[in-house]
Structures are given as C-alpha cells and as structure tokens.
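Here is the structure we will look at.
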Amino acid sequence: MTNKQGDGVSRRKFLRNAGVVGAAGAAISAGAVSTGMAVAADKQSAKCSDCDYDVVVIGGGFAGVTAARDSMKNGYKTLILEARNRLGGRTFSSEFAGHKVELGGTWIHWTQPFVWSEVQRYGLKLKETPEPFSEEQQTVRILHEGKSVEPTLEELIGISKAIKAYFADTPKLWERPFDAKHTWKQLLAVDGMSGADRFAQLKLTPLERSFVDAYVAGIAHTTSDRTSYLEIARWWALPGGNMTAFVDACGRYSFKDGTISLINAMINDGKPQVRLSTPVANVQEQGNRVLVTTEGGEVIRAAAVIVAVPMNVLPRIAFSPALDPALIQAAEEKHTGSGVKVFVRTKGKLPGEGKRLGVAGSSHPINLLATYAKAEDHTIFVGFGADPEKLDIQDRDAVQAAISAFYPDLEVESCYGYEWTLDPYARGTYCSYKPNWLGKYYDHFQKDRGRVVFGQGDHGEGWRGFIDGAISAGSQAALRTHKLLG
C-alpha cells in the first residue's frame, strides 16, 4: 500500500491550505465567533471616545486569547484579530484515523502553573498518553550505528548516568527557572554553548550519546548543534530535574476534548470580539491611540494594542514608530524550533509487550517515536524529527522508511501532520533560543513601547514556548495594559 507523493506536490498542497482547518470541529468557525461568542464586546462601548476598541489583540493563539479574555474582564472593549481562519495559533486540534490528535502544542502538567489553573478554573477533562493509558512495559529501541538495538540493563543504567551527567549543572544554572536574572552571571558564562557542545565535556559511549542527543533534539525541535544548551537545561529544571517528571510534564497529560476546548472556554468566558482571516499589515501609534490597518485596508482605532504573534512572523507587520531593531533582527534570524511532528497509523493491534519507544540522534529523520493510541486493528504513533528537510511527513513511503529503522515489523497505513515551518503565520514550531541569544536579546523581548504591549508566548520566564508560557505572557500583557489605560 502506498500513497507516495512527490515533494513538490505535497508541499504545494500544504502551502495552498496553510492555516486552513482540515478536520471538522478543529476550530471555532467564523460564524460561531461573531454571533455566539462576542455578545459582550458587541454591545460594549469603548472607554476611549476616539477609539473603536480599548484593546486590539493581534494574534489568536493562547497568548492572544488569554490577553483578550483578561482585558474584557478588566472592563475594556476588546477585539482579537487573527490571520488564520481558526483560533489556537500553534495549537491545532484535529482528528486522524478516528482519534483526536493535536498537530501542534499538546501536553500539559501540574508543574505548569498557568495552564493548570485554567484547567481547574473551567473544570476541563484530561486524558493520558498513550490512550488508553496503563502502566505497562515499554520496549525501547535505539538507532545506533545504523542498527536498531534494544539496550541491555547495564546499558540502560549507563544511559541513566549519562542523562544525569548531561544535566548536572542545571541546578546552579536554573536555580529559579522562572527567574533568569537570579542566576544571570552563571547563565551568561555558558550562553554560547550549544546542546552539542555539552557532549564534548562528557565521556559518553556512542550509545549513550545517541540516546541523550535524541532527547536534546526532541526538546529543542532542531538538531543539537543549533540550539542553546541553556534551553535544554531550562526544560530539565522546570518539572524538577528528573527523568520521570520530565517525561510526564512533556508527554503524558493532554486535554480530553483538545486544546481547542480551553480556547473555547476562554472565549466564552471573556466574550471578546473575534475576527478571523484578518491579518494585520500596519500598527501606527498616533498620540493617545493606535491605528491598526488590516491587509484588507480596514483601519481600526484602539487605545492600546497587544501583540501576541509568534516572533518569527513579527516582520510581516509594519510598525510606526519602528520597533526595537533587536526584535526585528531576532525575528529575521528566527529561533531554532523548526522540526516536524507526525502521527502514524500502523496496521494491526500492537503486540503484547505494551508500548514502544524509538530513539535516534539528531541526524535521523525521526528522533523520538512513541505509542500515542491503541486500538484493536491499528496503533497510532507520534514521531518528532529535528529537520523537516529530512522527512516529508506527507509521504507515506518516507515515513515508513523512518519507522522501519526502529521497528521493521510496523506497517504504516497512513500518516498525518502539519508543517508549521511552511505556515506563513508561524514560520516555525515552538520557540527555542540559539546560543548567545539570552545575552543578546533577552532584555529586548517583551519590552513594551508606548501603547503597543508585547505578550508573545515565545518569550518570558518559565515554560515559554509551551501553552503554559503563552497563557502567562498573555495574562501579564493584559495586566500591563490595564496599568497603561487605568
């Protein structure tokens, strides 16, 4: 069975549909937003007499939706302008082979305080991965020197020691992972180190390095030589600095009804106005108001604007006065989050050993492969790769070859994913900093200017780059906007 597609065909097809909802129920429809969820803002008058809205939020991901909800609750008439025809940003609830899947950000955890408080606030239900979840045996295969090997107990012990060695400096680097300035000198001292540079400081066997490198690539969503070691260490520090907590925080708990369930809850709660398929072209400060011009030519007057778009797409919008050149430089350089995430349906019920994990270093098309859901006649796997040039996730034969490298017995029936690097309103996956970025750009990110407030989930403290970090960024932007407007 094959549905092989040439690179040009699949990539062109994706570009043509970039940002378009591909599954029923994957996002709020434009009609639902405008007629059913924006009643409060529709009837509300702006406090600013010369404005259409008190607050305009640019970007409808978790940061933007949080900022809009909180701004409405602060008494401001608020509008979200979203370029896509759906809300959610780099989260994307969809369906594949009869299973609910997330094409972007997915997993949450109680060590992530902002998103977990929202789960509690709205009483949202969670599920565990794989589904159905049970504490069962996991078979581990490591792709090493061109062969798929199942590590011995002795090798697993060595791998455990290698992981501890790789992250041994984390407690002193990120003593307070929500406060970089607390250990600023220690961070700057190794700011130029890449994830791969760290390996040169350690005595690891090739097998141990392959295993650790796979997780480094999975964390950064790029090859280990392109990401900052500090980024990897931050992820390790946040859930408590051990493998069990790390795996649970990054890959166990997710929303039973999709990430869109939280987006919907926030919109229903705050009831801001929402305009989909409305990209912004220009933001111009003009005295006590800001003029926002859409790509369609409409001019919207606001007392304040909250910018909640991914950093890589910031240059798409013209700002007057011009933004801090460092912001544009970083955005044009782009962060390193640029890998792939692919869901794979394999034929037949997974054999009795329970669940499977495949691990391979940065050079392989798939670095982490894990069981996602189990059924009687098929199994769903999710795979993560560091480099989209190494795997066309629309090509079943290419995905089959990558999967077979780990488990030759698995027959790929179909595959499914979203190419975020081709999405013009993302231009990458979640944000991962490059070496030297902390010292070079940290003080420039999230720095407001006049009536333009920044609330980008790519920046900030703690779990930035996660759903949790986006909610934090949006909430703080709304607070600063409240202080600005009074």
Side-chain angles (χ1 to χ4, degrees), residues 3-20 22 84 89-92 94 96 101-106 143 194-196 213-228 231-232 250-251 310-313 316 331-345 358-370 372 381-406 412 414-434 458 465:
N3 64 346
K4 182 175 176 65
Q5 305 173 46
D7 180 74
V9 175
S10 63
R11 301 294 166 127
R12 283 198 302 271
K13 181 179 179 181
F14 178 84
L15 283 169
R16 187 169 61 248
N17 296 308
V20 177
R84 299 183 181 89
R90 284 168 288 178
T91 62
F92 195 166
S94 189
F96 170 58
V101 297
E102 294 291 335
L103 302 181
T106 305
L143 194 61
S194 72
D213 188 32
Y215 274 89
V216 171
I219 289 171
H221 222 195
T222 189
T223 54
S224 58
D225 60 318
R226 296 186 67 235
T227 189
S228 165
E231 286 289 84
I232 313 303
C250 300
M311 69 158 291
N312 284 356
V313 302
R316 285 183 61 100
E332 291 178 342
E333 185 180 342
K334 296 204 296 186
H335 62 70
T336 65
S338 58
V340 296
K341 177 181 182 180
V342 59
F343 288 94
V344 182
R345 172 177 167 141
V359 179
S362 290
S363 62
H364 193 258
I366 292 180
N367 310 116
L368 295 172
L369 176 72
Y372 185 84
F381 289 87
V382 60
F384 296 87
D387 187 350
E389 295 301 318
K390 293 179 179 177
L391 181 66
D392 181 354
I393 60 175
Q394 314 296 338
D395 185 338
R396 191 205 69 86
D397 288 352
V399 173
Q400 175 71 74
I403 299 297
S404 294
F406 298 107
V412 175
S414 57
C415 49
Y416 185 56
Y418 190 87
E419 299 189 64
W420 294 100
T421 56
L422 300 183
D423 185 328
Y425 305 117
R427 299 187 70 209
T429 59
Y430 51 83
C431 180
S432 185
Y433 288 178
K434 296 179 179 180
D458 288 341

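Remember, predicted model here, so these are calculated numbers, not experimental data.
When the options His221, Lys334, Met311 are evaluated for a side chain to side chain contact (heavy atoms under 4.5 Å, CB included) with Cys431, the one that passes is Met311. When Asp392, Asp395, Val399 are each tested for a side chain to side chain contact (heavy atoms under 4.5 Å, CB included) with Cys415, only one passes: Val399. Screening Asp387, Thr227, Thr222, Asp213 against Ser362 for a side chain to side chain donor-acceptor pair (under 3.5 Å) leaves a single residue, Asp213.
Thr91 OG1 to Tyr430 OH: the interatomic distance, rounded to the nearest 0.5 Å, is 14.5 Å. Interatomic distance, CD1 of Ile393 versus CD of Glu419, reported as 4.5 Å (0.5 Å rounding). Here CG of Leu369 is found 4.0 Å from CD1 of Ile403. Values are rounded to the nearest 0.5 Å. How far CG of Leu103 is from OH of Tyr416: 5.0 Å, rounded to the nearest 0.5 Å. Remark: Ser338 OG to Glu389 CD distance equals 9.5 Å, nearest 0.5 Å. Rounding to the nearest 0.5 Å gives a distance of 10.0 Å between CG of Asp397 and OG of Ser404.
Across every non-hydrogen atom of Thr429 and Trp420, the tightest pair is CG2-CB, 3.9 Å. Shortest non-hydrogen contact noted between Gly339 and Pro388 is CA-CD, 4.2 Å. Between Ala402 and Leu391, the shortest heavy-atom contact is CB-CD1, 4.4 Å. In terms of heavy atoms, Ala220 sits closest to Ile232 at CB-CD1, 4.0 Å. Heavy atoms only, all atoms of each residue included: Ala405 and His364 are closest at CB-NE2, 3.6 Å.
Proximity of a side-chain donor or acceptor of Asn312 to a complementary backbone N or O of His335 within less than 3.5 Å is detected. Remark: the backbone N or O of Ala386 is paired with a side-chain donor or acceptor of Asn367 at under 3.5 angstrom.
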In sequence, state the C-alpha distance, the side-chain angles, and the governing distance for Ser94 and Tyr418, and then conclude on side chain to side chain donor-acceptor pair (under 3.5 Å). CA-CA 10 Å; Ser94 189; Tyr418 190 87; over 6 Å; no

Could you walk me through whether Arg427 and Arg316 pass the side chain to side chain contact (heavy atoms under 4.5 Å, CB included) check? CA-CA 11 Å; Arg427 299 187 70 209; Arg316 285 183 61 100; 5.5 Å; no

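By the 4.5 Å heavy-atom criterion applied to side chains, Glu231 and Thr336 are not counted as neighbours.
A donor and an acceptor atom, one from each side chain of Thr106 and Lys341, are located under 3.5 Å apart.
Taking the side-chain hydrogen bond (donor to acceptor under 3.5 Å, both in side chains) definition, one finds that Asp458 meets it with Arg90, sequence neighbours left out.
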